[in-house]
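Throughout, numbering of the chain's residues begins at 1 and tracks the sequence. Since the model is a prediction, treat every value here as computed from it, not as a measurement.
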Amino acid sequence: MLNWLPLTTEQEFHNLYEQESPFAVFKHSTRCSISSMAKNRIEKEWNLDIPIYYLDLIEYRSVSNDIATTSGIHHESPQLIVFKDKTVAYHASHNFIFVNDIVI
């Protein structure tokens with residue numbers, strides 16, 4: 001089973017962003033069936049040795065807005081963003097999220 005780590009504050013995101021180590025953030029809407037399908041696919045395909053953070057958009061929309069501002073990547077849901085060295089190494093949304101496309 002995938003070890004989802006909760007992401008709940010802007011400060012948590014900025015602490016991660018300042019590190020050089022890669023990490024992923026999955027923006028998930030608990031009210032959206034497409035988001036649930038993307039989450040299930042990620043859980044089945046995840047084979048990367050980097051932490052993946054789960055962001056509940058209904059509860060923590062302000063964190064998502066902060067990620068969009070910091071990264072320059074327009075908010076979408078569902079959305080997977082991989083960060084490395086304060087840059088976006090990968091991003092995709094909806095049915096275009098493919099773990100095998102991530103190169104770190």
Side-chain angles (χ1 to χ4, degrees):
M1 182 114 202
L2 186 56
N3 184 26
W4 292 106
L5 302 167
L7 182 59
T8 60
T9 70
E10 290 89 343
Q11 188 60 53
E12 286 176 316
F13 169 69
H14 284 280
N15 290 345
L16 292 166
Y17 185 77
E18 291 299 321
Q19 298 177 12
E20 294 179 13
S21 302
F23 67 97
V25 175
F26 177 64
K27 296 180 177 186
H28 176 59
S29 171
T30 57
R31 297 179 186 160
C32 173
S33 61
I34 293 172
S35 194
S36 293
M37 289 179 1
K39 181 178 178 283
N40 288 337
R41 186 173 346 112
I42 290 169
E43 289 175 339
K44 289 177 185 174
E45 296 177 0
W46 195 258
N47 59 0
L48 302 172
D49 191 23
I50 64 170
I52 184 167
Y53 290 83
Y54 172 91
L55 177 57
D56 180 338
L57 293 173
I58 305 303
E59 292 289 322
Y60 305 106
R61 182 57 190 259
S62 64
V63 178
S64 176
N65 292 342
D66 188 50
I67 291 171
T69 299
T70 301
S71 68
I73 303 298
H74 178 75
H75 162 78
E76 295 192 58
S77 170
Q79 186 174 47
L80 180 65
I81 305 174
V82 177
F83 295 91
K84 182 180 178 186
D85 298 324
K86 297 183 186 178
T87 62
V88 174
Y90 171 88
H91 72 91
S93 65
H94 295 83
N95 293 324
F96 298 103
I97 299 171
F98 299 106
V99 173
N100 291 334
D101 287 348
I102 301 172
V103 178
I104 300 175

Pairwise distance CD(Glu18) to CG(Asp85) - rounded to 0.5 angstrom:
11.5 Å
Apply side-chain contact (heavy atoms from CB on, under 4.5 Å) to His75 and Arg61, showing your working.
CA-CA 10 Å; His75 162 78; Arg61 182 57 190 259; 3.0 Å; yes
May I have the step-by-step check of side-chain contact (heavy atoms from CB on, under 4.5 Å) for Glu43 and Lys39, ending in yes or no?
CA-CA 6 Å; Glu43 289 175 339; Lys39 181 178 178 283; 2.9 Å; yes
Are Val103 and Tyr90 packed together at the side-chain level, in the sense that at least one heavy-atom pair is separated by less than 4.5 angstrom?
no
Within a strict 4.5 Å, meaning less than it, do heavy atoms of the Lys27 and Ser77 side chains meet?
no
Output for pair (Gln79 CD, Ile67 CD1), nearest 0.5 Å, gives 8.5 Å
Derivation and outcome, side-chain hydrogen bond (donor to acceptor under 3.5 Å, both in side chains), residues Asn15 and Gln11:
CA-CA 6 Å; Asn15 290 345; Gln11 188 60 53; 2.8 Å; yes
Spell out, yes or no, whether Val99 and Ile52 are grouped together once hydrophobic residues are joined by side-chain heavy atoms under 4.5 Å, including indirect joins.
yes
Minimum side-chain heavy-atom gap Ile50-Lys84 below 4.5 Å:
no
Got Tyr60 and Tyr54 here, is their nearest side-chain heavy-atom distance under 4.5 Å?
no
Mind checking the OG1-NE2 spacing from Thr9 to His14? Nearest 0.5 Å is all I need.
9.0 Å
Would you kindly confirm whether Ile97 and Ile104 end up in one hydrophobic cluster when ILVMFWY residues are joined by side chain heavy atoms under 4.5 Å apart?
yes
So among Val25, Thr69, Leu55, Leu7, which one has a side-chain contact (heavy atoms from CB on, under 4.5 Å) with Ser64?
Leu55
Once you round to the nearest 0.5 Å, how far does NE2 of His91 lie from CG of Asp101?
12.0 Å
Indicate the atoms forming the closest heavy-atom contact of Leu57 with Ser29, along with that distance.
CD1-N, 4.1 Å
Just to verify, what does Tyr53 make a ring pair (Phe, Tyr, Trp, His ring centres under 6.0 Å) with, not counting sequence neighbours?
none
Are Phe83 and Val88 close enough that some pair of their side-chain heavy atoms sits under 4.5 Å apart?
yes
Please check if atom CG in Asp49 has more than 12 non-hydrogen atoms from other residues, nucleotides or ligands closer than 6.0 Å.
no
Do Ile42 and Trp4 have side-chain heavy atoms sitting under 4.5 Å apart?
yes
Do the ring planes of Phe13 and Tyr17 sit parallel (below 30°), tilted (30 to 60°) or perpendicular (above 60°)?
tilted
Taking side chain as C-beta onward, heavy atoms only, is His94 less than 4.5 Å from Pro78?
yes
More than 12 heavy atoms of other residues, nucleotides or ligands under 6.0 Å from CZ of Phe96: is that the case?
no
Is it true that Leu80 and Phe23 fall in one hydrophobic cluster, defined by side-chain heavy atoms closer than 4.5 Å?
no
Please write out which residues are connected to Ile34 in a hydrophobic cluster, directly or through intermediates, given that two of Ile, Leu, Val, Met, Phe, Trp, Tyr count as joined at side-chain heavy-atom separations below 4.5 angstrom.
none
Is Trp46 close to Ile102 at the side-chain level, that is, under 4.5 Å between some pair of heavy atoms?
yes
Going through the distances and angles, do Thr8 and Glu59 end up as a side-chain contact (heavy atoms from CB on, under 4.5 Å)?
CA-CA 8 Å; Thr8 60; Glu59 292 289 322; over 6 Å; no
If you look at every heavy atom in Phe26 and Ser35, which pair is closest and at what distance?
CZ-O, 3.8 Å
Please determine whether side-chain contact (heavy atoms from CB on, under 4.5 Å) holds for the pair Asn95 and Arg41, giving the CA-CA distance in whole Å, both sets of side-chain angles, and the decisive distance to 0.1 Å.
CA-CA 10 Å; Asn95 293 324; Arg41 186 173 346 112; 3.8 Å; yes
Rounded to the nearest 0.5 Å, the OG1 atom of Thr30 sits from the CD1 atom of Ile58 at a distance of 4.5 Å
